Colleague: 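This structure is in structure tokens; I'll ask about it shortly.
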Amino acid sequence: MAICNSFTGKLLRRSSTDGIRFMSSWFRNIEQAPKDPILGVTEAFLADQSPSKVNVGVGAYRDDNGKPVVLDCVREAEKRIAGSQFMEYLPMGGNVKMVEESLKLAYGENSEFIKDKRIAAVQALSGTGACRLFAAFQQRFHPNTQIYIPVPTWANHHNIWRDAGVPLKTFRYYYPESRGLDFAGLLEDIKNAPDGSFFLLHACAHNPTGVDPTEEQWREISSLIKSKGHFPFFDMAYQGFASGDLERDAKAISIFLEDDHLIGLAQSYAKNMGLYGQRVGCLSVLCEDEKQAVAVKSQLQLISRPMYSNPPLHGALIVSTVLGDPELKKLWLEEVKGMADRIIGMRTTLRENLEKRGSTLPWQHITNQIGMFCYSGMTPEQVDRLTSEFHIYLTRNGRISMAGINSGNVEYIADAIHQVTKSA
């Protein structure tokens, strides 16, 4: 095979095996990626042959028998849309009805911002996709800014903004000694951040700690962020599923809106409607006026086009059908409250069982925290003992998925936790 030397212009001879040898080296230096810590827990759980094994690491709802749940409102919505819809592409902005109903949930049924068309909103690939789309938007239009992320936070938040090319900073959030909010540290870090920074905030049921600011604390946070000219971006993955009350779970949003912030918001229907595999979410950005909202939405769509072209249809139809029908929406609210109440009940039962066993450690943080996850305060070594001695699986930061606890295993889990922590 002849090739041309680009420097001399002379023809050189090369065997046909040279190209094969070159191509075989393209991926030779690629190392295997580290396992996701949460998915790794599930893999280890599935491989365990113990009949007493328990998985309290998975971030998906389970009923009191430890089984996955499909909501009745979802099943009914599926019946209604079966065979009645086309299979064509959705617009780049997604299902219009689903987006409209999502905005009502977050901003209020009679929101002036919706009426004034000040919100740029698009359907997203659940909450993860909404965050990723906003991160790309931030990088493109505010390339000299950074995102401040709480310590700790959902691990994927770091990956999302990092891969979008946005510099990451952190602010204090959790105080290990009290198993609660480091409010003083949080305010200090907001104050010390350069004016005009972006802040990622969990609207409710903070993941992984389950620690949320009080209403009064949210008001202080809002006021300080406003005075510093920061931009608040909310990730709201648990509206309705945290407390069973949609308005209560969106209180942080309403406080910031009352204080005249412009905000960004990621919504997800994975947890509160059980649509984990459907990947249904919404990204919205509150703008100064309708003209600005039109421009922002057009840019969000432009960014999404080379990412995934347009969002999926089926899950969006389920959400729009449930939220758009008064009876189905009423049923959904009853079901999501039932899920929230079960989680809250398990918190109480776990704490009571630990205290009954004579534990001298304080466990009130279990019931003070809210949402699917409990930041137990256990050390990585204690977690390792839970797994090796009791076949209880969770992430090494001590985060317990309360959905994995039920009336059949709560005493066993309390016994095990007491055993590994009683010498602490």
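What you see below is based on every heavy atom in this structure, not just the backbone, and it leaves out hydrogens, waters and symmetry mates. Computed from a prediction, not measured in an experiment: that's the story for all the values here.
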Colleague: Would you mind reporting whether Met339 and Phe241 have side-chain heavy atoms less than 4.5 Å apart?
Modeller: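 Side-chain contact under 4.5 Å: yes.
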Colleague: Do Gln146 and Ser197 have side-chain N/O donor and acceptor atoms under 3.5 Å apart?
Modeller: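 Ser197 and Gln146 do have a side-chain donor-acceptor pair below 3.5 Å.
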Colleague: Closer than 4.0 angstrom, basic N to acidic O: yes or no for Lys226 and Asp259?
Modeller: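 Salt bridge between Lys226 and Asp259, a charged N being under 4.0 Å from a carboxylate O: no.
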Colleague: Which atoms form the tightest heavy-atom contact between Cys287 and Gln292, and what is the distance?
Modeller: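 Heavy atoms of Cys287 and Gln292 come nearest at CB-OE1, 3.1 Å.
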Colleague: Tell me whether Lys53 forms a cation-pi arrangement with Phe45, defined as NZ or CZ under 6.0 Å from the six-membered ring centre and within 45 degrees of its axis.
Modeller: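 Satisfied, under 6.0 Å and within 45°.
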Colleague: Which pair of non-hydrogen atoms, one from Val99 and one from Cys282, has the smallest distance, and what is that distance?
Modeller: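 Looking at all heavy atoms of both residues, the closest pair is CG1-SG, 4.2 Å.
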Colleague: Check Arg219 with Glu215, please: is the shortest side-chain N to carboxylate O separation under 4.0 Å?
Modeller: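 The answer is yes: the pair qualifies as a salt bridge.
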Colleague: Can you tell me if Lys228 uses its side chain to pair, donor with acceptor, with the backbone of Ala193 under 3.5 Å?
Modeller: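 Confirmed, Lys228 side chain pairs with Ala193 backbone.
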Colleague: Return the CD1 to NZ distance between Ile417 and Lys422, rounded to the nearest 0.5 Å.
Modeller: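 Answer rounded to 0.5 Å: 14.0 Å.
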Colleague: Please, which pairs that meet ring-ring contact (aromatic ring centres under 6.0 Å, His included) have at least one residue in residues 160-179, sequence neighbours excluded?
Modeller: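 Of all non-adjacent pairs touching residues 160-179, those that pass ring-ring contact (aromatic ring centres under 6.0 Å, His included) are Trp161-Phe233, Phe171-Phe199, Tyr173-His206, Tyr174-Tyr375.
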Colleague: Taking Glu335 for its side chain and Cys73 for its backbone only, find out whether a donor-acceptor pair lies under 3.5 Å.
Modeller: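 Flag set: sc Glu335 to bb Cys73 pair under 3.5 Å.
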Colleague: For the side chain of Ser304 and the backbone of Gln301, is there at least one donor-acceptor N/O pair under 3.5 Å apart?
Modeller: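 Yes, Ser304 side chain to Gln301 backbone: donor-acceptor pair under 3.5 Å.
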Colleague: Could you state the interatomic distance from CG (Leu350) to CG (Asn409), rounded to the nearest 0.5 Å?
Modeller: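 Those atoms lie 9.5 Å apart.
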Colleague: Is a side-chain N or O of Thr153 found less than 3.5 angstrom from the main chain of Ile149, in a donor-acceptor match?
Modeller: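 It does not hold such a pair.
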Colleague: Return yes if some donor-acceptor pair links the side-chain N/O of Ser222 with the main-chain N/O of Trp218 below 3.5 Å, else return no.
Modeller: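 No; zero donor-acceptor contacts below 3.5 Å.
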Colleague: According to side chain to side chain contact (heavy atoms under 4.5 Å, CB included), who are the partners of Thr214, at least two apart in sequence or on a separate chain?
Modeller: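 Applying side chain to side chain contact (heavy atoms under 4.5 Å, CB included) to Thr214 gives Glu216, Gln217.
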Colleague: Do the side chains of Asn272 and Tyr269 get nearer than 4.5 Å, heavy atoms only?
Modeller: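 Heavy-atom side-chain distance check passes, below 4.5 Å.
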Colleague: For residues Ser243 and Arg248, report the shortest heavy-atom separation together with the two atoms involved.
Modeller: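 For Ser243 versus Arg248, the nearest heavy atoms are OG-CD, 3.6 Å.
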Colleague: For Ile366, is there any backbone N or O sitting under 3.5 Å from a side-chain donor or acceptor partner on Arg347?
Modeller: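 Checked: pair present.
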Colleague: Do the side chains of Glu76 and Lys329 get close enough for a salt bridge, i.e. N-O under 4.0 angstrom?
Modeller: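 Looking at Lys329 together with Glu76, the answer is no, because their closest N to O distance does not fall below 4.0 Å.
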Colleague: Donor-acceptor pair, distance only, cut-off 3.5 Å: does the side chain of Ser223 make one with the backbone of Glu220?
Modeller: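 Between the backbone of Glu220 and the side chain of Ser223 there is no qualifying donor-acceptor contact (under 3.5 Å).
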Colleague: To the nearest 0.5 Å, tell me how far Ser52 OG sits from Tyr412 OH.
Modeller: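 Ser52 atom OG to Tyr412 atom OH measures 3.5 Å (nearest 0.5 Å).
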Colleague: What's the shortest heavy-atom distance between Gly244 and Asp249, and which atoms?
Modeller: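 In this case the closest contact between Gly244 and Asp249 is N-OD2, 4.1 Å.
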Colleague: Within a strict 4.5 Å, meaning less than it, do heavy atoms of the Tyr393 and Val58 side chains meet?
Modeller: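 Side chain of Tyr393 against side chain of Val58, heavy atoms only: no contact under 4.5 Å found.
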Colleague: Less than 4.0 angstrom from a charged side-chain N to a carboxylate O is my criterion; do Glu334 and Lys337 meet it?
Modeller: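 No, Glu334 and Lys337 are not salt-bridged.
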Colleague: May I ask you to decide if Thr421's main-chain N or O and Arg385's side chain share a donor-acceptor pair within less than 3.5 Å?
Modeller: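 Flag not set: sc Arg385 to bb Thr421 has no pair under 3.5 Å.
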Colleague: Could you check whether any side-chain heavy atom of Pro213 comes within less than 4.5 Å of a side-chain heavy atom of Ile221, counting everything from C-beta outward?
Modeller: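 Yes, close enough: below the 4.5 Å cut-off.
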Colleague: Looking at Glu288 and Arg118, is there a salt bridge between them, counting it only when a charged N and a carboxylate O are closer than 4.0 Å?
Modeller: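 No.
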Colleague: Give a yes or no on this: more than 12 heavy atoms of other residues, nucleotides or ligands lie within 6.0 Å of atom CD of Glu389.
Modeller: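 For Glu389, atom CD is crowded (more than 12 foreign heavy atoms under 6.0 Å).
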Colleague: Judged by atom type as modelled, is there a donor-acceptor pair below 3.5 Å linking the side chain of His202 to the main-chain atoms of Phe234?
Modeller: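 Checked: no pair found.
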Colleague: Using 4.0 Å as the upper bound for N to carboxylate O, is an ion pair formed by Arg80 and Asp325?
Modeller: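 Salt bridge: yes.
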Colleague: Is Glu100 paired with Lys104 through a side-chain N to carboxylate O contact shorter than 4.0 Å?
Modeller: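 No.
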Colleague: Taking only Lys NZ, Arg NE, NH1 and NH2, and the carboxylate oxygens of Asp or Glu, determine whether Lys356 and Glu352 approach each other closer than 4.0 Å.
Modeller: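 Here Lys356 does not pair with Glu352 in a salt bridge, since their nearest N and O are not under 4.0 Å apart.
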Colleague: For residues Ala414 and Asn353, report the shortest heavy-atom separation together with the two atoms involved.
Modeller: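 Minimum heavy-atom separation between Ala414 and Asn353: CB-CB, 3.5 Å.
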Colleague: Can you classify the ring geometry of His157 versus Trp154 as parallel (below 30°), tilted (30 to 60°) or perpendicular (above 60°)?
Modeller: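 Because their plane-to-plane angle is over 60°, the rings of His157 and Trp154 count as perpendicular.
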Colleague: Salt bridge (Lys or Arg N to Asp or Glu O under 4.0 Å): which pairs involve residues 390-402, sequence neighbours left out?
Modeller: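 Non-adjacent pairs meeting salt bridge (Lys or Arg N to Asp or Glu O under 4.0 Å): Asp384-Arg396.
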Colleague: I would like to know whether Phe198 and His142 meet ring pair (Phe, Tyr, Trp, His ring centres under 6.0 Å); could you show each step before the answer?
Modeller: CA-CA 10 Å; Phe198 284 67; His142 294 278; 5.6 Å; yes
Colleague: Please check this pair: side chain of Asp235 against backbone of Cys131, looking for a donor-acceptor N/O pair closer than 3.5 Å.
Modeller: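 It does not hold such a pair.
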